[in-house]
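The structure appears below as structure tokens.
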Amino acid sequence: MRVTQMFIPTLREVPAEADAISHQLLLRSGMVRKVAAGIYTLLPLGNRVVRKIEEIVRAEMERAGGVELLLPIVQPAELWHQTGRWDVYGPEMFRLKDRHGRDFCLGPTHEELITHLFSQEVKSYRQLPLLLYQINNKYRDERRPRFGLMRGREFIMKDLYSFDKDEDGLAVSYQKMYDAYSRVFSRCGLRFRAVEADAGAIGGDHSHEFMVIADTGEAELTYCPVCDYASNVEKTPCHYHGSEEKEEAGVLQLEATPKARTVEDVASYLQLDTTKVLKSLFYKVDGKLVVVLVRGDRLVNEVKVLNYLNANHLEIADEREMDDLGIPMGFAGPVGLCDRTAVTILGDMETQHLYNAVAGANKKGYHYINVNPGRDYQVDYYGDFRVAVEGDPCPHCGAGLKVQRGIEVGHIFKLGTKYSEAMGATILDEQGKEKPVIMGCYGIGITRTMAAAVEQSYDQDGIIWPVSIAPFEVVLMAVNQRDPQLAGYAEELYKRFVEAGIDVLFDDRNERPGVKFKDADLIGYPARVVIGKKMLSDGLIEIKWRSSGEITYKKMDEAAAYLQETLSSMKS
Ligand code: ATP
Ligand code: MG
């Protein structure tokens, strides 16, 4: 391929709207363009990266026994009514009507469609296990589409669904996918970690997420430096590991704390440690008021709260809702709360041991001091409701956990019979008995993986693609395309590279070398091959490696073999 035939609209300026480094670089390098919030065009170079990721995914899905099909994006509401998800999916679902007024959605995921297909076509355990997958667009009207391809409203996903006759079968399929995912992300040249993930009400070891390690990631994960434990921080269990000794309770007193609205303000105003503050967070959970108490220096783990309450939606109460309750924002607390309003109070287990604490007095400008559990307030339930932090003990071996940020690129999940029961997807077992098929689902965000790769590998000049997913592995150019001799060598070398099967782009533009070099660095081809003065004087070609900056010189005859060998050694 030649640059003069391509369409690579690079940008010199950093686009103002780009909110993440991958977003900036993918725009600047001419790989994507925004059409609307969370909706992007993949330009030719970006499309090549996506195709390469897809090919790696396809190869590994097939190796694991997966079979590809293609399900429709436009999905009838009836199927979603069968599982009850039409009503619970919420505003993330793009909904539409046809000319007859019938309801449809743009598929945010495909469990309903695949389970329906299975229920119509598969009858016997003899046809199992069955692993069906597709690579297709997904539509989710995300609350906050952002970071370019990272959190889009239209994006490409690979989704595979496994069907087994029993739990043992599911365990085998799940492990196959776990291994396949590990291979996919290794082959994409990414540093990643598989972590235990929240599996909602099902719980247990039923779900893993694959996280690309990046400081800019939206997800936080904990891992153990000693054993192999790793989990999404949403899932990491916390236990109380402080003293069991009870402090003598002081006298409850109202204390003026003007303007001190945050935990830090209150602690510094009263000259206390934030660990002595009892923090009260007000939530609307499926429309009901829930207050969660945690120690002042802790964060509420909203996923744990949702799971405990077996609820679907949780939102922090806003100032207006607090006003309606007559509770001034920043001065909320549990003392006397139940007398004022119907509320469920959940206490993180640490707060059960938090004596003589400071808590909001539900009165503007005031806090209570010497607040004690049991005496001054009651909770409905004590449990694990906080976010784990660095140094918390590993749930497997007790060593201090480490915390890291990551980008979730893949998610695997044991579904069991949730969808098959709802949709009548049954099989006849060995005894001729009818039973629901056991399912798993397994997703990889293809476009998010592309963004994650950039987020993990770039420098001040641009992207540094892993070889296996680079838009082209090699860019070739003459320092001066107008010099017939240099251009002739470049043309000859291009022919040889193509014949050797090298994935090469020939930058045949009549541009200054500085411009071409800048573009090459920005786009991030792993190898840059330049025909320059050394060709005329010594017959040598310059080869520069994008990741190490290393430069080597090779003869015309050696170049292709050297590149092939080095590039293939760089693909893991
Ligand atoms: P998140 O927690 O990031 O919203 P999710 O749990 O909704 O992700 P899944 O439904 O498990 O995601 O989807 C499988 C994969 O699809 C994810 O691991 C991720 O790689 C990708 N993905 C999900 N939502 C988006 C999105 N809005 N844009 C791009 N990729 C996405
Ligand atoms: Mg989501």
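Sequential numbering from 1 along the given sequence is applied to the chain's residues. Everything numeric here is computed off the predicted structure, so don't read it as measured data. Numbering of ligands and ligand atoms starts at 1, following listing order.
Residue contacts with ligand 1 for R151 involve both N, CA, C or O and side-chain atoms from C-beta outward (heavy atoms, distance under 4.0 Å). Looking at E408 against ligand 1, both its backbone and its side chain come within 4.0 Å, counting heavy atoms. Neither the backbone nor the side chain of K138 has a heavy atom within less than 4.0 Å of ligand 1.
With ligand atoms numbered from 1 in the order given, ligand 1 contributes 18 (O), 20 (O) to contacts under 4.0 Å with heavy atoms of V409. Each of the atoms 29 (C) of ligand 1 lies under 4.0 Å from some heavy atom of L149. Short contacts between ligand 1 and E142, defined as distances under 4.0 Å to a heavy atom of the residue, involve ligand atoms 24 (N), 26 (C), 27 (N).
Among the atoms of I444, none of the N or O lies under 3.5 angstrom from an N or O of ligand 1. In terms of N/O distances under 3.5 Å, ligand 1 is not approached by F155. For ligand 1, one of its N or O atoms has an N or O atom of G152 under 3.5 Å away.
Judged purely by distance below 3.5 Å, without hydrogens or angles, the side chains of H110 and Y161 never pair a donor atom with an acceptor atom. For the residue pair N301 and E234, no side-chain donor N or O sits within less than 3.5 Å of a side-chain acceptor on the partner. A side-chain donor from one of S22 and E455 sits under 3.5 Å from a side-chain acceptor of the other.
At distances below 3.5 Å, not a single donor-acceptor pair connects side-chain atoms of Y89 with backbone N or O atoms of W80. Using modelled atom types, one side-chain atom of T449 and one backbone atom of G445 make a donor-acceptor pair closer than 3.5 Å. Under a 3.5 Å cut-off, the side chain of R28 and the backbone N or O of V14 do not form any donor-acceptor pair.
Cation-pi geometry between R448 and F155 is not satisfied (NZ or CZ under 6.0 Å from the ring centre, within 45° of the ring normal).
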